[in-house]
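First listed ligand is number 1; within each ligand, the first listed atom is number 1. Reckoned from all heavy atoms, side chains included, excluding hydrogens, waters and symmetry mates.
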Amino acid sequence: MPQKRRTFLKTTSLGLSALATGTAYHCQGKNTAITNITHPIIISTWDHGMAANKVGLHILKNKGSALDAVEKGVIVVENDPAVQTVGLGGFPDREGIVTLDACIMKGDGQCGSVAFLQDIKNPIAVARKVMEETPHIMIVGSGAKQFALEMGFKEENLLTEASRKKYEEWLKTGIYKPKINIENHDTISTLALDAQGHLAGACTTSGAAWKMHGRVGDSPLIAAGLFVDDEVGAAAATGLGEAVIRTAGSAMVVEAMRHGQSPKEACQSVCLRIKAKHKEVQDLQVGFIALRKDGAYGAYSLQPGFTYALGQHETHELYQATSMF
Ligand code: ASP
């Protein structure tokens with residue numbers, strides 16, 4: 001583990017950013033009520049969330065919207081070919097084709113999504129266009145690509161040399177047994193609260209490596225990979241998409257917060273539900289991040305190793321989420 005990362009890495013059981021800065025809020029089993037938003041905050045999955053948060057927090061501190069912060073933040077990761085689970089350079093499916101999934105959501109319920117998108121490196125920006133320029137929420141496959149091209153996005157080859165090599169290595173056995181997220185690289189999900197008290201979230205991925213052609217996970221699905229409600233808070237997922245879809249994971253986290261659970265408790269209770277629905281959980285990884293409308297945050301995962309990045313004030317830090325096992 002690089003030294004730099006180790007210095008950033010902290011362990012936390014529950015983030016109470018708002019309390020730390022004196023923001024008064026109530027959470028007594030009913031809707032939380034904001035009395036005073038003192039500062040914006042941004043939270044992202046995994047180590048690569050640090051890079052997203054840096055761009056996003058800069059936007060937030062200049063009175064930008066949570067929507068701009070999450071979109072522009074995750075684009076940094078989509079554009080990084082070294083991140084092999086998102087955007088350009090993402091691992092391909094079993095046919096050797098890179099297919100991308102993404103969704104974006106605002107606290108007022110506006111949302112957009114693309115899935116099974118090929119040859120366009122910024123699916124999150126296309127998802128935002130779906131939200132803003134069409135009467136629909138989700139567009140997939142060749143239709144999504146056609147729409148992206150019409151919106152002026154550039155067609156390009158997303159399979160880098162490094163990812164092609166890994167794919168060729170995998171082809172030697174061709175065994176598909178998803179064991180994702182145990183290692184530290186995966187979907188980027190970002191949640192932000194802006195200075196105006198609005199929430200937004202973005203989730204973007206190349207999905208499970210070596211997946212079946214046409215497979216779509218939780219990441220572009222509103223309620224599964226991401227859910228945002230200005231009345232309560234926001235949540236997003238990373239991990240085995242099938243497990244998250246089965247439990248409508250992110251929406252359930254938000255609903256648990258609505259009923260009074262803290263962000264971390266809410267993430268934990270949905271992880272428990274996932275555990276209960278699956279017989280074999282030793283290789284199953286799912287992690288959630290959650291951000292309440294008062295700035296309180298939390299995370300939880302099934303397996304150890306899930307990190308999340310937090311940006312607020314002048315600081316960016318990486319935390320190790322508490323895990324069930
Ligand atoms: N949730 C993503 C998927 O299942 C991948 C991940 O986050 O590990 O496609």
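Of the polar atoms of G207, none of the N or O atoms is found under 3.5 Å from an N or O of ligand 1, judged by distance alone. Geometrically, ligand 1 and E242 share no nitrogen or oxygen pair separated by less than 3.5 Å. Taking only nitrogen or oxygen atoms, main chain and side chain alike, D101 does not reach within less than 3.5 Å of ligand 1. At a 3.5 angstrom cut-off on N or O pairs, L240 does not count as close to ligand 1.
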Using distance only, find each side-chain donor-acceptor pair of residues 241-249 under 3.5 Å and give its atom names and separation, not counting sequence neighbours.
from	atom 1	to	atom 2	distance (Å)
E242	OE1	R215	NH2	2.8
E242	OE2	R215	NE	3.0
E242	OE2	R215	NH2	3.3
R246	NH1	H278	NE2	2.8
T247	OG1	A243	O	3.1
T247	OG1	V244	O	3.2

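At a heavy-atom distance under 4.0 Å, only backbone atoms of A208 (N, CA, C or O) approach ligand 1. The proximity of D186 to ligand 1, defined as any non-hydrogen pair under 4.0 Å, is limited to the side chain.
Under the 4.0 angstrom criterion for non-hydrogen atoms, R215 is in contact with ligand 1.
Salt bridge absent: E161 and K166 never bring a charged side-chain N and a carboxylate O closer than 4.0 Å. Between E255 and R258, at least one side-chain nitrogen of the basic residue sits less than 4.0 Å from a carboxylate oxygen of the acidic one, meeting the salt-bridge criterion. Between R128 and E133 no salt bridge is recorded (no basic side-chain N to carboxylate O distance below 4.0 Å). Salt-bridge annotation for K165 and E169: absent, with no side-chain N of the basic residue lying under 4.0 Å from a carboxylate O of the acidic one. Using a 4.0 Å cut-off between charged side-chain N and carboxylate O, K293 and D230 make no salt bridge.
Interface of G239 with ligand 1, defined as ligand atoms under 4.0 Å from a residue heavy atom, comprises 1 (N), 2 (C), 3 (C), 4 (O), 5 (C), 6 (C), 7 (O), 8 (O). Of all atoms in ligand 1, numbered sequentially from 1 with element shown, those under 4.0 Å from a heavy atom of S219 are 1 (N), 2 (C).
For atom 1 (N) of ligand 1, the choice among D218, I245, V216 with the nearest heavy atom turns out to be D218.
Other residues, nucleotides and ligands contribute only 12 or fewer heavy atoms inside 6.0 Å of the NZ atom of K129.
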